[in-house]
Amino acid sequence: MWIVSVFYFCHSNLCTTFDKYNNFNSRYSFSRNFSIYLTLSTTMKSQEIRDTFLTFFKQKNHKIVASAPMVIKNDPTLMFTNAGMNQFKDLFLGNSPIVHKRIADTQKCLRVSGKHNDLEEVGVDTYHHTMFEMLGNWSFGDYFKKEAIEWAWELLVDIYKIDKNRLYFTVFEGDAADGTPEDTEAFGLWKDLLEKNGLTTDKILKANKKDNFWEMGDTGPCGPCSEIHVDIRSDEEIAKIPGKDLVNNDHPQVIEIWNLVFMEFNRMADGKLKPLPAKHVDTGMGFERLAMVLQGKKSNYDTDVFSPLTDKIAQISGIPYKNSLDTQHKTDVAIRVIADHVRAVAFSIADGQLPSNNGAGYVIRRILRRAIRYGYSFLNLKEAFIYELVEILVQQMGAFFPELVNQQELITNVIREEEESFLRTLAKGIQRFENYVANSKDKKIDGPFAFELYDTFGFPKDLTELLAKENGFEFGFEEFANELLRQKERSRAATTLKTGDWVDNPSDASENEFVGYDTTNVDDIVITRFRKVSVKDEDFYQLVFNKTPFYPEGGGQVGDTGYIKNKFEQIEIIDTKKENNLIVHITKTLPEHYSDGANLYEAKVDSSKRKLTAANHSATHLLHQALRTILGTHVEQKGSLVNADYLRFDFSHFQKVSEEELQQIEDFVNEKIQAAINLNEHREIPIEEAEEQGVMMLFGEKYGNKPRMIQFGDSKELCGGIHINNTKEIELFKITSEGSVAAGIRRIEAVTSKGAANYLKEKIDTITKHPLAGLITDEIKNKITIAQHNLLQQYAKVSDMPTLNIISPSNGSLQIDVLSNAIADFTKIKLDATIIDELNNIKKAMLKEEEQKGKEQAKAIKEELLNEVKNSNGVNVITKKLTAVDAATIKDLAFQLKAQIADLYLVLGAEINGKPNLTIAISDSLATERKLHAGNIIREAAKEMQGGGGGQPFFATAGGTNLNGLDAAMEKALSFIK
RNA sequence: GGGGAUGUAGCUCAGUUGGCUAGAGUGCUUGACUGGCAGUCAAGAGGUCGUGGGUUCGACUCCCAUCUUCUCCA
């Protein structure tokens, strides 16, 4: 599940990949490296470019680490890794101890919006991407500008053999308003290097705050940076315009490839800068761009990172990729879009993020749909095809990113399902559009209509535009943009979150120690810092302690609640979360006596809630084991929620889990509970050892190198959550539902201990105490009895079982509404479906019977009434006050008479449930000829009985409150014909 | 998290200011006709109008709550 980790991690399956860099005796050893560089420098494949980078920094004593997952799980400000530094954020913020001072890696990143990127631009040009790799080297309080700059030169010029004449370097020019000086140090370092290599300082360019001052966010670590740009244009073009004039000018062939960030300040909420105690280096080099430069291409998409994909797309669509640099070349743009997006989507799914309708999942869905749209519009691909690219991607990148290989089937299925669903959306939208066009007169697509298509039905705006054009229609751009703006403002207003600065409470105490595995109660708590957070109109406070027993939300388990108190005050902790490795306690009020150092707080976790949560968490592990045992080892956890009330577990599996399998799973878990297995907690197990023991590890999770392992017999998982000490504390495990959440993903919900007991008790009570009397068949009685029996057997395993009165259905008459309620209740408790079906059948039969009775009754009355027809002025008048009939029967009667008697004027009165009811029917011809309107007539007549009514010209009904007025109302109705 | 839409026959969907005995097409059953591309014609079965409340003489229709599915924004 989740791990309370120090920063440094190594994923199980990735460790092997990285050993080669970290082991000096490997084939990438010192002595052989230079021969690799020399032989490959002219035709380096992308794999070798990546290897060379990592090996280079390995030789400079850097620890090589694996890419962190692209999807971020415990940072509220970020959904995806969008830069190499993300996984080191807590180090820069000082929330975690620094273990390795020098690190290098390649990091999977995703950018869809923000200052660096805009989804709608990707694929149009030749060098922006959604998903890309960022090569980076880091120094945490170790080396600074000198080494960073010199090594960058060495790698690019000496090893990768990039022509030094084509390189340019930017340095920060300073900003008076900010109080930040010009970066003369970086300037001097570049100057020395250039002069040593026979070049002059005209290769160094000064850049402003916007381009060369890097900030992590509105607040936090920041500093000047120095960028390396490369000019890959032809000699003729260079002769026309020198490269230095095109740097930072969005030229597709004069591009930034490496950014060296020198972090030396901390930005406060008031905008002021404070020097950082330790200076850091953070660099990022775009892998795909580097490949373009080294492979002598003019476009990232022409490198071997993308060409297998563009080839395959061309093959599927039958439209060749022309390697065009023209942004108007629609089919090439479409091929680039698809090649880019399939990478982003596939890697996200591999990291556990499925397409969905909100949050990170929605971003993934949008990316995928954009790819589908381009294929649909420009490559004429009207059926799912993107899923076919997964295989190519896996062949190409699976060796370095094993998560792709392991999740290939899931990725393929999910993408195909999404494609099919979106194609349906498109088909519906097109139909709607065509309706609109058919009914439109002014040859214009209104903005609001286009927006409705987009907003409500998910139909892409540019497709509407395209269709409009094809039909010779105008498109209401401005109105559309306005609607979109309003929508955005609504959303923004709903989610404004203001975060204040941390307020430090100086003390000698250490910070942020988690002691909750061993205790729920600590009495020497110091509040080390706090801040105010405002969401909409509500204020909250986040508190950080020196140490805490409160478990922060993570690994699917909800955060602890409880309180802290001293002799002055008691403050409720309403939730506990983790932000950048910092455990924050959320309260509604700010403690007032936090600075009185002598008055320590006592912290107490709500332990009954935690115990139930722990039982559910341990049960989740057993469930996981059961699934893998019974369904197969393809089952992998895809999501998990554990709280005091129930547990929810999502996992990969491609079909419905059958009733029998569910029963087996339940039995498996209950057997483990009966076996009373002790918890074996390995709090700091070396990851290698855990791996040897065959521990469950999850893709898309990052683990420390000494994670915590939770073991119940054969069930072994890396997990930072809270567990019970022996499985018998779970008492009973009961699955409450099984269903699907996405393509290839199933969800099981279950309850344990008290929750399971309550669940079963409710079930039994519902059945046994239901006033189901009389007309139930023996067969159903038996079924209910059997169900009771089964439940009782399971229930008997639970402590303090109440005694049950099993009532057998006695004689009496079964009412339809009683039966209806029974069906509703039984459905709610998910009673055996066959029982519910049978009850439903009985109900249907009874309804039918009742309807039949009514019809027969109507027939009988009709015979009677046929003898009472009075002809007056050519009109056949029938009037009668009926008893013991219902509204449906009267209606039926009226229509029967109307069908049989010409020129009919029918007035019927009745008492229904103590209230008067009046019905008028008039033959159609009569109504037309004499301009009679039953609806209007009845409205008048109903006044006599304090009621109202209405209907059509030939049939109307009315009700009232005064029964005594019924006769008068009937008289009134008759008066219209006289 | 916020907005919009959606739920009616096995399936695809109509149902317009509350009252048209809840409809169409398709599928199904039965029968008749038939050398023609989805053969034709006729008859029939099939619906808790998502669920729970409320307003009303009367709710598929209006109001409130809730669930499903879709969708946009963050």
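Every value quoted in this text rests on a predicted model; they were computed, and no experiment measured them. Order of the sequence lines sets the chain letters (A, B, ...), proteins ahead of strands, with each chain counted from 1.
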Pairwise [atom1] distance, [M] and [N] [rounded to whole Å]:
N: B:G50; M: B:C60; atom1: P; value: 10 Å
N: B:A65; M: B:A22; atom1: P; value: 30 Å
N: B:U55; M: B:C63; atom1: C1'; value: 7 Å
N: B:G15; M: B:U6; atom1: P; value: 11 Å
N: B:A59; M: B:G52; atom1: C1'; value: 15 Å
N: B:A9; M: B:A24; atom1: P; value: 13 Å
N: B:G27; M: B:C37; atom1: P; value: 14 Å
N: B:U26; M: B:G39; atom1: C1'; value: 16 Å

Taking CG from A:L918 and P from B:U56, how many angstroms apart are they, rounded to a whole number? 20 Å

Taking [Y]'s backbone N and O only, do any of them form a donor-acceptor pair with [X]'s side chain (distance below 3.5 Å, no angle check)?
X: A:R111; Y: A:N82; result: yes
X: A:T81; Y: A:P69; result: yes
X: A:S421; Y: A:E417; result: no
X: A:K382; Y: A:Y376; result: yes

Could you tell me which residues satisfy side chain to side chain donor-acceptor pair (under 3.5 Å) with [X], sequence neighbours excluded, listed by chain and number?
X: A:E929; value: none
X: A:K588; value: A:E538
X: A:N482; value: none
X: A:D924; value: A:K898

Salt bridge (Lys or Arg N to Asp or Glu O under 4.0 Å) pairs, two or more places apart, involving residues 944-970 of chain A: A:K881-A:D967, A:E944-A:K972

Scan for salt bridge (Lys or Arg N to Asp or Glu O under 4.0 Å) pairs involving residues 452-468 of chain A, sequence neighbours excluded, and state none if there are none. A:R373-A:D462, A:K461-A:E465

Would you find more than 12 non-hydrogen atoms of other residues, nucleotides or ligands less than 6.0 Å from A:E863 atom CD?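 Buried by this count: over 12 neighbours within 6.0 Å.
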
Note every stem involving RNA chain B: at least three consecutive Watson-Crick or G-U wobble pairs, i with j then i+1 with j-1, with both distances under 3.5 Å.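 Stems found: B:1-5 with B:69-73, B:10-13 with B:23-26, B:28-33 with B:39-44, B:50-54 with B:62-66.
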
Qualifying residue for side chain to side chain contact (heavy atoms under 4.5 Å, CB included) with A:M945, from A:N964, A:N917, A:L963, A:L918: A:L918

Using a cut-off of strictly less than 4.0 Å between a heavy atom of the residue and any atom of RNA chain B, enumerate the qualifying residues of residues 937-944 of chain A by number. none

It should be established whether A:K898 places a side-chain nitrogen or oxygen under 4.0 Å from OP1 or OP2 of nucleotide B:C20. no

Can you name the atoms? Protein N/O to nucleotides 69-73 of chain B N/O, anything below 3.5 Å, with the distance.
unit_1: B:U71; atom_1: OP1; unit_2: A:R369; atom_2: NH1; d: 2.6
unit_1: B:U71; atom_1: OP1; unit_2: A:R369; atom_2: NH2; d: 2.1
unit_1: B:U71; atom_1: OP2; unit_2: A:R365; atom_2: NH1; d: 2.8
unit_1: B:U71; atom_1: O2'; unit_2: A:Y454; atom_2: O; d: 3.4
unit_1: B:U71; atom_1: O2'; unit_2: A:D455; atom_2: O; d: 2.4
unit_1: B:U71; atom_1: O2'; unit_2: A:G458; atom_2: N; d: 3.2
unit_1: B:U71; atom_1: O4; unit_2: A:N357; atom_2: ND2; d: 3.3
unit_1: B:C72; atom_1: OP2; unit_2: A:Y362; atom_2: OH; d: 3.2
unit_1: B:C72; atom_1: O5'; unit_2: A:Y362; atom_2: OH; d: 2.8
unit_1: B:C72; atom_1: O4'; unit_2: A:D455; atom_2: O; d: 2.9
unit_1: B:C72; atom_1: O3'; unit_2: A:Y454; atom_2: OH; d: 2.6
unit_1: B:C72; atom_1: O2'; unit_2: A:D455; atom_2: OD1; d: 3.1
unit_1: B:C72; atom_1: O2'; unit_2: A:Q487; atom_2: NE2; d: 2.8
unit_1: B:C72; atom_1: O2; unit_2: A:Q487; atom_2: NE2; d: 2.7
unit_1: B:C73; atom_1: OP1; unit_2: A:Y454; atom_2: OH; d: 2.3
unit_1: B:C73; atom_1: OP2; unit_2: A:Y362; atom_2: OH; d: 2.5
unit_1: B:C73; atom_1: O4'; unit_2: A:Q487; atom_2: NE2; d: 3.1
unit_1: B:C73; atom_1: O2'; unit_2: A:S491; atom_2: OG; d: 3.1
unit_1: B:C73; atom_1: O2; unit_2: A:S491; atom_2: OG; d: 2.4

Among all residues two or more places apart in sequence or in another chain, which pass the salt bridge (Lys or Arg N to Asp or Glu O under 4.0 Å) test with A:E864?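 Salt bridge (Lys or Arg N to Asp or Glu O under 4.0 Å) check on A:E864 returns A:K880.
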
Just to verify, what does A:H341 make a ring pair (Phe, Tyr, Trp, His ring centres under 6.0 Å) with, not counting sequence neighbours?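 Ring pair (Phe, Tyr, Trp, His ring centres under 6.0 Å) list for A:H341, sorted by chain: empty.
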
Between the protein and nucleotides 57-59 of chain B, which nitrogen or oxygen pairs come in under 3.5 angstrom?
unit_1: B:C57; atom_1: N1; unit_2: A:G948; atom_2: O; d: 3.2
unit_1: B:C57; atom_1: O2; unit_2: A:G948; atom_2: O; d: 3.4
unit_1: B:C57; atom_1: O2; unit_2: A:G959; atom_2: N; d: 3.1
unit_1: B:C57; atom_1: N3; unit_2: A:G948; atom_2: O; d: 2.8
unit_1: B:C57; atom_1: N4; unit_2: A:G949; atom_2: N; d: 3.3

